[in-house]
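Computation of the quantities below employed the complete heavy-atom set of this structure, encompassing side-chain atoms and omitting hydrogens, waters and symmetry-equivalent molecules. Every value quoted in this text rests on a predicted model; they were computed, and no experiment measured them.
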Amino acid sequence: DYTVQLLCVIAEAKTIGFLPQGDQVQTVKKLVNKIENLLAIDPDDPQNYYVLSWLNFKVGSIPQVKKFCASILYGGLPEQLTVQKGIDYMKKAISLRPDYSVYYFDLGVYYKKTGHPEEARKLFEQASTITPNTPEEFVYRKRAEKELKKLGV
């Protein structure tokens, strides 16, 4: 079932940080394939783009030295995962679900981490003005408000 597969991918993605490094590399590779399969089933599900965005941003942000070590020790990370693709996939998720504040918040975090505080501020403002419809969105709204304070807004 598609929904079960998607939930398993999300759960697996959330646990990557708790795995040993070699398992992290293998899990990333598996997740990329699983998400591509899910996209083939439903190319309009923003959650697929959200997970793909997160994977791209996280892996794309890894310093080259660590990527080199991963290639020697564990066969390497997928080279097609980049910070820019992470940003692009999050924008795609937003275009498919423009009323979901979580996507705006996370894209704001991406911009903040890549040295674009003005873009981050705009996205945190957007996230803080969307009416929350889920408990998760209430949490992200508060997080967006905290980020705005840190940015001096």
Side-chain angles (χ1 to χ4, degrees), residues 1-19 21 23-63 66-67 77-153:
D1 177 58
Y2 172 83
T3 304
V4 172
Q5 289 178 45
L6 177 60
L7 290 173
C8 287
V9 164
I10 292 169
E12 218 173 336
K14 289 184 180 264
T15 63
I16 286 177
F18 300 103
L19 300 172
Q21 289 181 343
D23 292 344
Q24 288 179 12
V25 170
Q26 297 312 312
T27 301
V28 167
K29 290 177 183 179
K30 289 178 195 172
L31 285 175
V32 169
N33 289 331
K34 289 178 181 181
I35 294 167
E36 288 173 354
N37 291 337
L38 290 171
L39 279 170
I41 296 168
D42 187 354
D44 294 325
D45 186 341
Q47 283 294 91
N48 289 323
Y49 293 100
Y50 179 74
V51 176
L52 198 51
S53 166
W54 179 85
L55 276 174
N56 269 274
F57 192 82
K58 290 287 189 180
V59 173
S61 298
I62 295 172
K66 286 188 176 185
K67 285 183 183 179
L77 291 158
E79 291 182 24
Q80 76 271 24
L81 301 179
T82 68
V83 169
Q84 186 57 53
K85 283 183 183 178
I87 290 169
D88 293 343
Y89 284 128
M90 190 63 75
K91 287 179 180 179
K92 176 71 173 177
I94 289 170
S95 74
L96 292 169
R97 191 171 175 194
D99 63 337
Y100 193 56
S101 59
V102 174
Y103 299 158
Y104 291 94
F105 176 84
D106 282 350
L107 185 56
V109 170
Y110 292 0
Y111 277 117
K112 182 179 173 185
K113 287 184 175 184
T114 57
H116 297 90
E118 187 57 31
E119 288 297 319
R121 183 191 58 76
K122 291 175 190 174
L123 289 156
F124 293 142
E125 284 176 350
Q126 183 74 29
S128 70
T129 60
I130 294 174
T131 303
N133 292 312
T134 66
E136 180 181 42
E137 288 181 280
F138 279 99
V139 170
Y140 276 80
R141 183 179 189 157
K142 292 291 182 194
R143 290 176 74 187
E145 291 168 357
K146 286 181 183 177
E147 288 296 332
L148 287 169
K149 286 180 184 175
K150 288 180 189 175
L151 292 171
V153 178

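Enclosure of atom CD in Q21 is not indicated, since only 12 or fewer non-hydrogen atoms of other residues, nucleotides or ligands lie within 6.0 angstrom. At most 12 heavy atoms of other shown residues, nucleotides or ligands fall within 6.0 angstrom of atom NZ in K58. Environment of CD in Q80: crowded, with over 12 heavy atoms of neighbouring residues, nucleotides or ligands closer than 6.0 Å.
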### Message
For a side-chain hydrogen bond (donor to acceptor under 3.5 Å, both in side chains) check, start with the C-alpha distance between Q47 and Y103, then their side-chain angles and the critical distance, and finish with the verdict.
### Response
CA-CA 10 Å; Q47 283 294 91; Y103 299 158; 2.5 Å; yes
### Task
Walk me through it: do L96 and K92 pass the test side-chain contact (heavy atoms from CB on, under 4.5 Å)?
CA-CA 6 Å; L96 292 169; K92 176 71 173 177; 4.0 Å; yes
### Query
Does the side-chain contact (heavy atoms from CB on, under 4.5 Å) test come out yes or no for I130 and R141, once each step is laid out?
CA-CA 8 Å; I130 294 174; R141 183 179 189 157; over 6 Å; no
### Query
For D23 and I16, what are the C-alpha separation, side-chain angles and deciding distance, and is it a side-chain contact (heavy atoms from CB on, under 4.5 Å)?
CA-CA 8 Å; D23 292 344; I16 286 177; over 6 Å; no
### Query
Taking it one step at a time, do L81 and V28 satisfy side-chain contact (heavy atoms from CB on, under 4.5 Å)?
CA-CA 10 Å; L81 301 179; V28 167; 3.7 Å; yes
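Using a cutoff of 4.0 Å between basic side-chain nitrogens and carboxylate oxygens, E145 and K149 are not scored as salt-bridged.
A distance of 8.5 Å separates CZ of R121 from CG of L151, quoted to the nearest 0.5 Å. Interatomic distance, K112 NZ to F124 CZ, rounded to the nearest 0.5 Å: 6.0 Å. With rounding to the nearest 0.5 angstrom, the CG atom of L31 is 11.0 Å from the CD atom of E36. Between the OH atom of Y2 and the CG atom of L7 there is a distance of 10.0 Å, given to the nearest 0.5 Å. Considering CZ of F138 and CG of N133, their distance stands at 8.0 Å, rounded to 0.5 Å. Taken to the nearest 0.5 Å, the CG atom of L123 stands 6.0 Å off from the CD1 atom of I94.
Residues K91 and I87 meet the side-chain proximity criterion, which asks for heavy atoms closer than 4.5 Å. Contact of the D106 side chain with the W54 side chain is not registered, since no non-hydrogen atoms from C-beta on lie closer than 4.5 Å. Under the 4.5 Å side-chain criterion, counting only non-hydrogen atoms from C-beta, I10 is not in contact with Y50. Side-chain contact between K29 and P78 is present, with at least one heavy-atom pair separated by less than 4.5 Å.
Summarising the geometry of S128 relative to L148, their closest heavy-atom pair is OG-CD1, 3.8 Å, with the distance given to 0.1 Å. Closest heavy-atom contact between A127 and A144: CB-CB, 3.8 Å. What you find for D99 and E137 is that their closest heavy atoms are O-OE2, 3.5 Å. Looking at every heavy atom in both residues, G86 comes nearest to S53 through O-OG, 2.6 Å.
Under the 3.5 Å distance criterion, the side-chain polar atoms of Y89 are left unmatched by any main-chain donor or acceptor of Q84. The main-chain N or O of L19 is found under 3.5 Å from a side-chain atom of Q24 such that the two form a donor-acceptor pair. Judged by distance alone, with hydrogens and angles left aside, the side-chain atoms of N56 form a donor-acceptor pair with the main-chain N or O of T82 at under 3.5 Å. No donor-acceptor distance shorter than 3.5 angstrom exists from the side chain of K34 to the backbone of Q5, with no hydrogens or angles considered.
Ring geometry for F57 against Y110 counts as parallel: the plane angle stays under 30°, on a 0 to 90° scale with 60° as the upper cut.
Cation-pi contact between R143 and Y140: present, with separation from the ring centre below 6.0 Å and deviation from the ring axis of at most 45°. Judged by the 6.0 Å distance and 45° axis criteria, R97 is positioned over the aromatic ring of Y100.
Across D45, L52, V51, a single residue satisfies side-chain contact (heavy atoms from CB on, under 4.5 Å) together with N48, and that is D45.
Remark: K66 pairs with I62, P63 by the side chain to side chain contact (heavy atoms under 4.5 Å, CB included) rule, at least two apart or across chains. Looking at residues two or more places apart in sequence or on another chain, you find a side chain to side chain contact (heavy atoms under 4.5 Å, CB included) between K122 and E118, E119.
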